[in-house]
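Quick note on labels: first sequence line is chain A, next is B, and so on, each numbered from 1.
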There are 2 protein chains.
Amino acid sequence: MSRVTIRDVAEASAVSIATVSRVLNGLHRGDPAVRRRVLQVARQLNYRPNTFARRLAKGSTESLGIVMNAIRPTTDYYGDILQGVEEEARRNGYNLYFSVVYPYLRALGTEEVPKGILDNSVDGLIYAGEMRPDLYERIKEASLPLVIVNSYVEGEDVECVMSDNFGGAYEAVRWLIGLGHRRIACIVCGRGEVPSVRERVEGYRQALSDAGISYEGEVLVDGYSPEDGYKATEELLKLQDPPTAIFGTVDEVAIGAIKCAKGAGLRVPEDLSVLGVNDLDIARLCEPPLTTVRIFRREMGRVAVRRLLELIREPSRKPARTDVPCELVHRESCAGPRD
Amino acid sequence: MSRVTIRDVAEASAVSIATVSRVLNGLHRGDPAVRRRVLQVARQLNYRPNTFARRLAKGSTESLGIVMNAIRPTTDYYGDILQGVEEEARRNGYNLYFSVVYPYLRALGTEEVPKGILDNSVDGLIYAGEMRPDLYERIKEASLPLVIVNSYVEGEDVECVMSDNFGGAYEAVRWLIGLGHRRIACIVCGRGEVPSVRERVEGYRQALSDAGISYEGEVLVDGYSPEDGYKATEELLKLQDPPTAIFGTVDEVAIGAIKCAKGAGLRVPEDLSVLGVNDLDIARLCEPPLTTVRIFRREMGRVAVRRLLELIREPSRKPARTDVPCELVHRESCAGPRD
DNA sequence: CTGAAAGCGCTTACAG
DNA sequence: CTGAAAGCGCTTACAG
């Protein structure tokens, strides 16, 4: 690219490269006229320092890496996290390397790990989504500072940023109970195997039991799609004691539940209340608009970067979990039960 | 991070650092036993070459940058482009720097340009979205190889990757005409000021004029949201000769149009056909599911990387435009007109 | 084939 | 305060 180096600037300003370096780094304490001259020459020559030389000399990369493990990193969920991470990284003067872990590569038995992320080109790593064990091992080997977003590693002491899944679910279901509902069902995505969903289910259970309610309304589904929610709702409506409200552990299944209910001739929310989690864009657009537990995804991304920078500065710090609070968003898919 | 250098590996294997370097780069032609030994020692020592030293020595960065200019880079549209770019960059052994240009920074008068992207840390740049003039100037100054996705710079010779907006719109509207529609309206997002929308409108017009139809049905709206589509449709339905079909230049406005029509007591598609462009996730989920012109966003991202690598290898190549073909996706929001 | 050495473009003690 | 010099960790002609 640009072929002008610090040497060119030094010659043209009649000073040493050391002085140029100092001026450019704001470390120059001498004659202001010299300072001004160097700056002007640098601008004139369109000088751009070589990042790699600088990093080699300084020993720090001034870069972070983000790795996302999501079938599709383009949904609101991961996309918003990414944006939060980018914002906060930039605010702190860090570049950001972006990479994706493709689940299908694992299926193929490939050990593919993002090139350049584990090879010293980064001061620390943010990992969003379910952690792959092989990757975790490599990160540990490299003793790379790490923050996981929206997941963690069972039995390992690792820094992570989550939303307050338990609290959010608990509040939401308690509110449903306050509306008069007793028969509240729960659609459990991914068979409840993922931490975030599991925690939401726990919040749901706790709210019921704190209210002295016992109701057998949990349905496990494999995925996270409207179709999954649809099927689960079909089952639920066949129950001898069908629910008056459904808590979907994810907006998508809640939307599938609405579709199914409407197809069965039920009105939402008059005949059936439906509640989601996440507040994706579609939650606002569906009919009726979905009442849901909002998760502050960008904030989670920002917090993750802050934690990571702390970890980089103080590697001995004990890893901890940070919960970003949720918020119940009232829209039109919930009301009191009729009976 | 890792403190073991090529020198350590050399000592432990009793060879020179030159040999280690050759072995590690697959350039070693000597004794296979030596090769094996070096490799083994490197693994044992958990040696990771310092990327920055390597890049400084080689003179190439093996990195690309992607800059996205979107209010929210997390929608399907830009998210999918990003994923395509990441895939193809990785496939070619390149790291990817990610950055966002925030429109509000421009509004604030800030000249904020992604740090580290223009300062030699990248071999080339992919820019998705509307190009900011100040940024374009800086990229030109740095003579950084550039590919723009989903936009271009008026009057400048710049490599770009677009979807075939004209062709996609043309085919879609022609199909609507084949169904028997004559009064086909068009909701023009962003007042038609953005290239992609403008091209879609041109395709719409051409299809009408090729069929000998003249109908005054274009409505300009400011944004790209369902609300914009809703308002536009209110206007259209008040017309003395209301349309029997509406072509939304973007899925979101098409969805707003459906909502408005249903609210006004019209059935979709029986009383009004609605057509979108993009095939976002919501197109499948709304009611009725939206017939739309699918844009292959990931493919656009992949193509952009290929073009960029060509440009890097052959900087004298004349910049050109690549169109990724679209595809009409038939769902349930369109039918023949009643009258 | 292999090693000693120069060089990539910076930063930063170290003298002066 | 400022310059000459060493050093960051690699790659790669250049000799041998």
Exercise for the section: Rounded off to whole Å, could you give me the CG-to-C1' distance for the A:D8 and C:dC10 pair? Expected result: 13 Å

Practice task
List the atom of B:G26, the atom of B:R29, and the distance in Å for their closest heavy-atom pair.
Solution key: O-NH2, 3.3 Å

Handout entry: Test item: side-chain donor near acceptor, B:N150 and B:Y77, under 3.5 Å
Key = yes

Practice task
Using atom CD1 of A:I17 as one end and atom P of C:dG9 as the other, report the distance to the nearest whole Å.
Solution key: 11 Å

Exercise for the section: Round to a whole Å and report the spacing from CZ of A:R48 to C1' of C:dC8. Expected result: 20 Å

Practice task
Please report, rounded to the nearest Å, how far the P atom of D:dC10 is from the CZ atom of B:R54.
Solution key: 9 Å

Problem - Charged N-O contact under 4.0 Å between B:R317 and B:E159 - result: yes

Handout entry: Atom-pair distance (CZ on B:R37; C1' on C:dC1), nearest Å
Key = 14 Å

Completion exercise
Rounded to whole Å, CG of B:N50 lies from C1' of D:dG7 at a distance of 13 Å

Fill in the blank from the handout: The answer to which of A:R7 and A:R22 contacts DNA chain C further toward the 5' end, by nearest nucleotide, is A:R7

Exercise for the section: Would you kindly say whether B:S196 and B:N165 are connected by a side-chain donor-acceptor distance under 3.5 Å? Expected result: no

Practice task
Could you tell me how the ring of B:Y97 sits relative to the ring of A:Y97: parallel (under 30°), tilted (30 to 60°) or perpendicular (over 60°)?
Solution key: parallel

Exercise for the section: Could you tell me whether the phosphate oxygens of D:dG3, OP1 or OP2, come under 4.0 Å of any side-chain nitrogen or oxygen in A:S16? Expected result: yes

Problem - B:N46 and B:R48 side chains, donor-acceptor separation under 3.5 Å - result: yes

Exercise for the section: Starting from P on C:dC8, measure out to CZ on A:R55 and report it in whole angstrom. Expected result: 20 Å

Completion exercise
Paired runs of 3 or more consecutive Watson-Crick or G-U pairs involving DNA chain D, with both pairing distances under 3.5 Å, are C:1-3 with D:14-16, C:5-12 with D:5-12, C:14-16 with D:1-3

Problem - Rounded distance in Å - CG (B:L27) to P (D:dC10) - result: 16 Å

Problem - Phosphate-side-chain proximity, B:T19 and C:dT2, N/O vs OP1/OP2 below 4.0 Å - result: no

Problem - Under-4.0 Å side-chain N/O to phosphate OP1/OP2 contact, B:S21 with D:dC10 - result: no

Practice task
Looking only at side-chain atoms of B:I6, point me to the closest of D:dC10, D:dC8, D:dT12.
Solution key: D:dC10

Problem - Given DNA chain C, 5'-ward residue of the pair B:K58 and B:H28, judged by closest heavy atom - result: B:H28

Problem - Distance-only polar pair, side chains of B:E88 and B:Y94, donor-acceptor under 3.5 Å - result: no

